[in-house]
Amino acid sequence: QVQTVESGGGLVQPGGSKRLTCTFSGGTFTYGTMGWFRQALGKEREFVAAITWNAGQTYYADSVQGRFTISRDRAKNTLYLEMSSLQPEDTAVYYCAVKPGVLRPFDRPSQYNYWGQGTQVTVSS
C-alpha cells in the first residue's frame, strides 16, 4: 500500500514560517489529489489545502488562504506545505493524505484513502 511520511514540524513563534514535507513510497504515484489536514487537541480533523497531482490546481481552507501554499514535486513523490504568518490557532498535528480523483469535494477526510503519521506544529512564544 501507499506509505506517506510527514516531516518538518516543530515549534515556531507567532508570525513565523515553516515548511512541511510529505514523502510517498510503496505505490503508483499517479494520484488524483493530495491534501493536507490538521487536527488540534480536542478538535476534529480539518481540511487545510489540496492540490491535484497532475495539473497542480490548488484549493485552500478559508482559515489559511493567503498564508499557506501547497505544492508538489512529482518526480520526487513529495508534497509540501509552506506556512507563513503562523498563529497559535494553527497549532495542530498536520497530516498529508491521498485522494483518488480530482473532483470536489476536497475538504472531507473521508475522501482520502491514505494518511501519514502526522507531524506536530506548535505556534507559541
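Being a predicted model, the structure only gives us computed values, none of them experimental.
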Result of checking Asn54, Thr52, Val98, Ile51 against Thr33 for side-chain contact (heavy atoms from CB on, under 4.5 Å): Thr52
Taking only residues two or more places apart in sequence, or in another chain, which ones meet Tyr60 in a ring pair (Phe, Tyr, Trp, His ring centres under 6.0 Å)? none
What donor-acceptor contacts under 3.5 angstrom involve side-chain atoms of residues 105-112, with partners at least two apart or in another chain?
from   : atom 1 : to     : atom 2 : distance (Å)
Gln111 : OE1    : Lys99  : NZ     : 3.2
Tyr112 : OH     : Phe106 : O      : 2.8

For residues 35-70, which residue pairs pass the disulfide bond (SG atoms under 2.5 Å apart) check, not counting sequence neighbours? none
Could you tell me the separation between the CG atom of Leu20 and the CD atom of Glu82, rounded to the nearest 0.5 Å? 8.5 Å
Which donor-acceptor pairs under 3.5 Å do the side chains of residues 61-70 make with protein atoms, sequence neighbours left out?
from  : atom 1 : to    : atom 2 : distance (Å)
Arg67 : NH1    : Ser85 : O      : 3.0
Arg67 : NH1    : Asp90 : OD2    : 2.8
Arg67 : NH2    : Ser63 : O      : 2.9
Arg67 : NH2    : Asp90 : OD1    : 3.0

Say whether Tyr59 and Leu79 are linked into one hydrophobic cluster, either directly or through other cluster members, by side-chain heavy-atom distances under 4.5 angstrom. no
Separation of Met34 CE from Asn77 CG (nearest 0.5 Å): 9.0 Å
When you measure from the side chain of Gln117 to the backbone of Glu6, do you find a donor-acceptor pair of N or O atoms at a distance under 3.5 Å? yes
Between OG1 on residue Thr78 and CZ on residue Arg74, distance to nearest 0.5 Å: 13.0 Å
Listed pairs under 3.5 Å, donor-acceptor, residues 41-50 side chains, sequence neighbours left out:
from  : atom 1 : to    : atom 2 : distance (Å)
Arg45 : NE     : Gln39 : OE1    : 3.4
Arg45 : NH2    : Gln39 : OE1    : 3.3
Glu46 : OE2    : Arg38 : NE     : 2.7
Glu46 : OE2    : Arg38 : NH2    : 3.2

State plainly whether one hydrophobic cluster holds both Val93 and Tyr114, where clusters connect Ile, Leu, Val, Met, Phe, Trp and Tyr through side-chain heavy atoms under 4.5 angstrom apart. no
My understanding is that only residues two or more places apart in sequence, or in another chain, count here; which of them pass side-chain hydrogen bond (donor to acceptor under 3.5 Å, both in side chains) with Gln57? none
Sorted by chain and number, sequence neighbours left out, side-chain contact (heavy atoms from CB on, under 4.5 Å) with Ser125 holds for Pro14
Can a donor-acceptor pair be found, under 3.5 Å and without considering hydrogens, that links the side chain of Thr91 to the backbone of Val123? yes
Check side-chain hydrogen bond (donor to acceptor under 3.5 Å, both in side chains) between Ser17 and all other residues, then give those that pass, not counting sequence neighbours. none
Selection residues 45-102 - residue pairs positive for disulfide bond (SG atoms under 2.5 Å apart), sequence neighbours left out: Cys22-Cys96
Output every pair passing ring-ring contact (aromatic ring centres under 6.0 Å, His included) with a member in residues 74-100, not counting sequence neighbours, ordered by first then second residue. none
Approximate separation, where rounding is to 0.5 Å, of Thr122 OG1 and Gln120 CD: 4.0 Å
